[in-house]
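Only one structure is covered here, and it is reproduced in the block below.
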2 protein chains.
Amino acid sequence: MRADARKNRDHLLAVAGAAIAEQGVDASMRDIARRADVGLATLLRHYPTREALLEALLRASFDELTVKAGELETSSSPADALVSWLRDCVTWTTEYRGVTELMAAAIEDTESALHTSCVTLRAAGARLLSRAQEAGAARTDMDGTDLFALVAALAWLGDQPSLAPRADHLFGFVASALLTDAAITGSGETPRQG
Amino acid sequence: MRADARKNRDHLLAVAGAAIAEQGVDASMRDIARRADVGLATLLRHYPTREALLEALLRASFDELTVKAGELETSSSPADALVSWLRDCVTWTTEYRGVTELMAAAIEDTESALHTSCVTLRAAGARLLSRAQEAGAARTDMDGTDLFALVAALAWLGDQPSLAPRADHLFGFVASALLTDAAITGSGETPRQG
DNA sequence: ACCTGAACACCGTTCAAGT
DNA sequence: ACCTGAACACCGTTCAAGT
């Protein structure tokens, strides 16, 4: 790639990041190009679709979350690892309004530029869930796809101005429903009789 | 209203219902007018906004759900009434893809044509929740707004092709988390000591 | 090798002009 | 009283022509 092209590309990504942080993932591509003082066609040659642009923009965050999941597997109790990773995921998505819907579409669209990242993320969550289930800390009637859906739904709530104030509370509701009583009362105690 | 205008209006609503059932609430207004063999400006004079059109389209369903809530209050146990009404709400929203997002926006926008209907719906849910809470059948850390948000989130899941297959399962997950153990093991037993 | 203006087919909004 | 064509300011896609 030529030096001027590389510079254009980096500049575009920075401008796109700002625009999308402000206006959400539906920010106009034309507007992003305008802000970057570049023709719309130039933006589209670097990033042929909105998803390709987002993939470049979110790659670092995706990687971080995946690495974090691996770290939590060794550093925290199964229940704590699961819940704190879920919280990280939900918190992260609130940075880019509307990204959840795109991710839900991408996870079953193998053509999407976001597909692989989403599948990897789901797998990371599934591992943490399995670990918690094997420890008797999480319900056994859930799998990685259920978990992905729950995170997506909670993130979606955070995107809706009228519902966002309850997003934290409902995260707690969902998280505690996901865990078993044994995990909630603490791993040191014996589960109480039902 | 003149007879020809009335006829136009009814015809527009029927056509809009079909288009929106097919394509979701984002169906092009221009396309709806085209299908109805009417100028776009005519559609917009009858229904000045997308929300006004949907309000006319959904009014009957809104009323039904509100009436249903009242009936369930006398015909069913507090827990059953709450859960079966929630299921009705979620099932209903799946008929019109995207309606949940519009409703979430409308409930805090007093200018929206859908505002009153959404507020009424939330109040009906809040009554069923209170009744269940007073009977010791539902968690007491939830209110009508939380309930509205949960229904919205579950309905949103049903709108996403990749997540829809889990929507029923996750409805059960949320519903059972909403109820107390006492309500789940049956209303004939005394709540256990916590 | 890289960039871009311009044409295209859409969208919802608005209003002057028609019946 | 009711309807509508047309102008407007947008959108993303595509490609021939320029540097």
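Note that the coordinates shown come from a computational prediction; the quantities given were computed from them, not determined experimentally. Lettering of chains follows the sequences in order, A, B, ..., and the numbering in each one begins at 1.
As a whole-Å value, the separation of A:Arg45 CZ from D:dG12 P is 18 Å. When rounded to the nearest whole Å, the span between OH of B:Tyr47 and C1' of C:dG12 equals 18 Å. Atom pair B:Arg34:CZ and C:dC10:P shows a separation of 7 Å (rounding to whole Å applied). The CG-P distance, from A:Leu40 to C:dC8, rounds to 17 Å in whole Å. If you measure from atom CD of B:Gln23 to atom C1' of C:dC10, you get 13 Å, rounded to the nearest angstrom. Going from atom NE2 of B:His46 over to atom C1' of D:dT4 covers 12 Å, rounded to whole Å. As rounded to whole Å, 14 Å separates atom P of C:dT14 from atom CG of B:Leu43. For the pair A:Lys7 NZ and C:dC2 C1', the computed distance is 15 Å after rounding to whole Å.
Atom OG of residue B:Ser28 and atom CD of residue B:Gln23 lie 8.0 Å apart, to the nearest 0.5 angstrom. We find the CG-CG distance between A:Leu170 and B:Asp146 to be 5.0 Å, quoted to the nearest 0.5 Å. Here the straight-line distance linking atom CG of A:Leu40 with atom CG of A:Leu44 works out to 4.5 Å at 0.5 Å rounding. Put simply, CG on A:Leu82 and CG on A:Leu179 are 6.5 Å apart, with the number rounded to the nearest 0.5 Å.
Across every strand in view, C:dC15 sits in a pair with D:dG5 that passes the Watson-Crick or G-U test at under 3.5 angstrom. Of the nucleotides present, none pairs with C:dC10 by Watson-Crick or G-U wobble criteria with both distances under 3.5 Å.
Between A:Asn8 and C:dC3 there is a side-chain N or O to OP1 or OP2 distance below 4.0 Å.
For the pair A:Arg30 and B:Ala41, both in contact range of DNA chain D, the more 5′-proximal nearest nucleotide belongs to B:Ala41.
A salt bridge links B:Glu22 to B:Arg35: at least one charged side-chain nitrogen sits closer than 4.0 Å to a carboxylate oxygen.
Checking D:dT13, C:dG12, D:dG12 against the side-chain heavy atoms of A:Leu44 singles out D:dT13 as nearest. In this structure, of C:dC11, C:dG12, C:dT4, it is C:dC11 that holds the atom nearest to the side chain of B:Asp31.
When heavy atoms are screened at a 4.0 angstrom cut-off, B:Ser28 is found touching the sugar-phosphate backbone but no base atom. Nucleic acid contact class of A:Arg50 (heavy atoms, under 4.0 Å, all strands): sugar-phosphate only.
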